[in-house]
**Student:** 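Before anything else, here's the structure in question.
All chains are named by letter (A, B, ...) in the order of the sequence lines, taking the proteins before the strands, and each is independently numbered beginning at 1.
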There are 2 protein chains.
Amino acid sequence: MSGNLADAVRDGPPGAPGTLAAEARLLSIGAAAAVLGISERALRYYQQLGLVTPCARTPGGMRRYSEEDLERVTRIRELQSLLGLNLDEIAVVLRHEDRVAEIRQSFRDERTGAPERAELLSEALELNENLRATVEAKRAALDKFLADIDARAEKIRAALEALP
Amino acid sequence: MSGNLADAVRDGPPGAPGTLAAEARLLSIGAAAAVLGISERALRYYQQLGLVTPCARTPGGMRRYSEEDLERVTRIRELQSLLGLNLDEIAVVLRHEDRVAEIRQSFRDERTGAPERAELLSEALELNENLRATVEAKRAALDKFLADIDARAEKIRAALEALP
DNA sequence: TCGGTGGTTTACGTTAACGTCAGGTTACGC
DNA sequence: GCGTAACCTGACGTTAACGTAAACCACCGA
């Protein structure tokens, strides 16, 4: 092992005058992959599907990932492992979440009128509720599953107490 | 559509003297697939991997599935969709559950001594607890996920109330 | 300035979980 | 007894989500 995670993440001098703090913390694809614990190939693949695009590139064309980019990837993995969604379905979820973020922006905008604001909020609420329903369904099923397991455990424990 | 589900499941006269009720209710692979809502190919594939073997065959070699067989397949699908396990991992879980069933048998056996019974019960308990841990972990993650969604919804609702 | 490490695109390879097709066999209603 | 629908066993095809290799290019420390 020539380079470890700490080496990969540690960037050039962050004090270079003129560069914003956020800019200094952009990660290369190797560092990003190391931090996230996934492969570089996966990151490129997600980008190919339009799921995450690194916020910047170096003049030479190398990908630079921001903290926000990493969070997005984390989100992808969560939606994969927790909800069992495939990448196409995840793309939809992410688009919805992007839309919510967009709504948040419009909301901050001074020019947005009150009735339009209400409209935006209820749209955001609906998008949110949409995902919630999916998650809630899964949770309910899991809870039942867990209850079954616990019931079995209880029977075994009862038998154990009846023994000695 | 020439044959529907009801046709497929409805078997020959169940009153044929000499045949047990359970025997009369064995399903062909087509009927089983229809009831379960999966493909025949999937059933054959699961068998190939040693996950479910139909309890019987006709003299001519055609598969016959019992109610218990169907439950086992349902279990497989549950482990797939809820826990996101692959079929190899599911094979392990099923082997553990089979072992628990075996333990239950030994337990009913008169010849099993008291110390051995205790041993069997704690083995069953451990196997059960094993699966429980997996499920519980998933549930915790899902709960957190759901909490995040609810928090967002709350923020949106608060903004909505602050409007009019 | 230059060597080595790391990154880029392009393209073909891999694995799990089936889908589908071919060619022959069995079950069942009439 | 007979036709046909359902089933059998291979065997090859497919799709998602990457893995891997090749050939070329960027960056950075000495």
**Student:** Nearest-Å distance, CZ (A:Arg44) to P (D:dC18)?
**Tutor:** 14 Å
**Student:** Check this one for me: any side-chain N or O of A:Ser28 less than 4.0 Å away from OP1 or OP2 of C:dG7?
**Tutor:** yes
**Student:** Any pair with a residue in residues 143-157 of chain A that passes side-chain hydrogen bond (donor to acceptor under 3.5 Å, both in side chains), sequence neighbours left out, goes on the list, sorted by first then second residue, please.
**Tutor:**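 Listed by first then second residue: A:Asp143-B:Arg139, A:Asp150-B:Arg132.
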**Student:** Count I, L, V, M, F, W, Y as connected when their side-chain heavy atoms are under 4.5 Å apart, and connections chain through other members. Are A:Ile76 and A:Val100 then in the same cluster?
**Tutor:** no
**Student:** Using a 3.5 Å cut-off and no angle test, enumerate the donor-acceptor pairs between side-chain atoms of residues 51-59 of chain B and protein atoms at least two apart in sequence or in another chain.
**Tutor:**
unit_1: B:Arg57; atom_1: NH1; unit_2: B:Gly61; atom_2: O; d: 2.8
unit_1: B:Thr58; atom_1: OG1; unit_2: B:Gly60; atom_2: N; d: 3.3
unit_1: B:Thr58; atom_1: OG1; unit_2: B:Gly61; atom_2: N; d: 3.3
unit_1: B:Thr58; atom_1: OG1; unit_2: B:Met62; atom_2: N; d: 3.0

**Student:** Under a 3.5 Å threshold, yes or no: a donor from one side chain and an acceptor from the other, between A:Tyr46 and A:Arg77?
**Tutor:**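 Yes.
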**Student:** Checking B:Glu67 now: which residues fulfil side-chain hydrogen bond (donor to acceptor under 3.5 Å, both in side chains) with it, not counting sequence neighbours?
**Tutor:** none
**Student:** Say you draw a straight line from CD1 of A:Ile90 to CG of A:Leu49; how long is it, rounded to the nearest 0.5 Å?
**Tutor:**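 So the CD1 of A:Ile90 and the CG of A:Leu49 are separated by 10.0 Å.
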**Student:** Could you note down all residue pairs passing salt bridge (charged side-chain N to carboxylate O under 4.0 Å, His left out) where residues 44-53 of chain A supplies at least one of them, sequence neighbours left out?
**Tutor:**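 Every pair satisfying salt bridge (charged side-chain N to carboxylate O under 4.0 Å, His left out) with a residue in residues 44-53 of chain A: A:Glu40-A:Arg44.
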**Student:** Provide, to the nearest angstrom, the distance between the CD1 atom belonging to A:Ile38 and the P atom belonging to D:dC18.
**Tutor:** 8 Å
**Student:** Once side-chain hydrogen bond (donor to acceptor under 3.5 Å, both in side chains) is applied, do any residues pair with A:Glu119, and if so which ones, sequence neighbours excluded?
**Tutor:**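 Checked A:Glu119 against side-chain hydrogen bond (donor to acceptor under 3.5 Å, both in side chains); zero matches.
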**Student:** Who passes side-chain hydrogen bond (donor to acceptor under 3.5 Å, both in side chains) against B:Glu116, sequence neighbours left out?
**Tutor:**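 Not a single residue meets the side-chain hydrogen bond (donor to acceptor under 3.5 Å, both in side chains) criterion with B:Glu116.
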**Student:** State plainly whether one hydrophobic cluster holds both B:Leu87 and B:Leu79, where clusters connect Ile, Leu, Val, Met, Phe, Trp and Tyr through side-chain heavy atoms under 4.5 angstrom apart.
**Tutor:**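 Per the 4.5 Å side-chain linkage, B:Leu87 and B:Leu79 are co-clustered.
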**Student:** I'd like a list of close polar pairs between nucleotides 1-4 of chain D and the protein, N/O only, cut-off under 3.5 Å.
**Tutor:**
none

**Student:** Given the rule that I, L, V, M, F, W and Y join up when any side-chain heavy atoms are under 4.5 Å apart, are A:Leu146 and A:Leu83 in one cluster?
**Tutor:**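 Yes, because A:Leu146 and A:Leu83 connect within a single hydrophobic cluster, where side-chain heavy atoms sit under 4.5 Å apart.
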**Student:** Specify the separation, in whole Å, of atom CG of A:Leu43 and atom P of C:dG6.
**Tutor:**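 After rounding, the gap between these two atoms is 16 Å.
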**Student:** Going by heavy atoms closer than 4.0 Å, what residues in residues 77-93 of chain A are next to DNA chain D?
**Tutor:**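 Going residue by residue through residues 77-93 of chain A, the ones with a heavy atom under 4.0 Å of DNA chain D turn out to be A:Arg77, A:Gln80, A:Asn86, A:Leu87.
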**Student:** What pairs with B:Asp109 under side-chain hydrogen bond (donor to acceptor under 3.5 Å, both in side chains), at least two apart in sequence or on another chain?
**Tutor:**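 If we apply the side-chain hydrogen bond (donor to acceptor under 3.5 Å, both in side chains) test to B:Asp109, skipping adjacent residues, the hits are B:Arg111.
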**Student:** In B/S/- notation, 5' to 3', how is nucleotides 19-27 of chain C contacted by protein heavy atoms closer than 4.0 Å?
**Tutor:** BB-----SS
**Student:** What parts of residues 46-57 of chain A reach DNA chain C, counting only heavy atoms under 4.0 Å away?
**Tutor:** A:Arg57
**Student:** Quick test of your reading: applying salt bridge (charged side-chain N to carboxylate O under 4.0 Å, His left out), list the pairs with at least one residue in residues 92-101 of chain A, sequence neighbours left out, ordered by first then second residue.
**Tutor:**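 Applying salt bridge (charged side-chain N to carboxylate O under 4.0 Å, His left out) to every pair that reaches into residues 92-101 of chain A, excluding sequence neighbours, yields A:Arg72-A:Asp98, A:Arg75-A:Glu97, A:Arg99-A:Glu102, A:Arg99-A:Glu123.
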**Student:** Nearest of D:dA16, C:dA17, C:dT8 to any side-chain atom of A:Tyr45?
**Tutor:** D:dA16
**Student:** Roughly how many Å is it from CD1 in B:Ile76 to P in C:dA17, rounded to a whole number?
**Tutor:** 11 Å
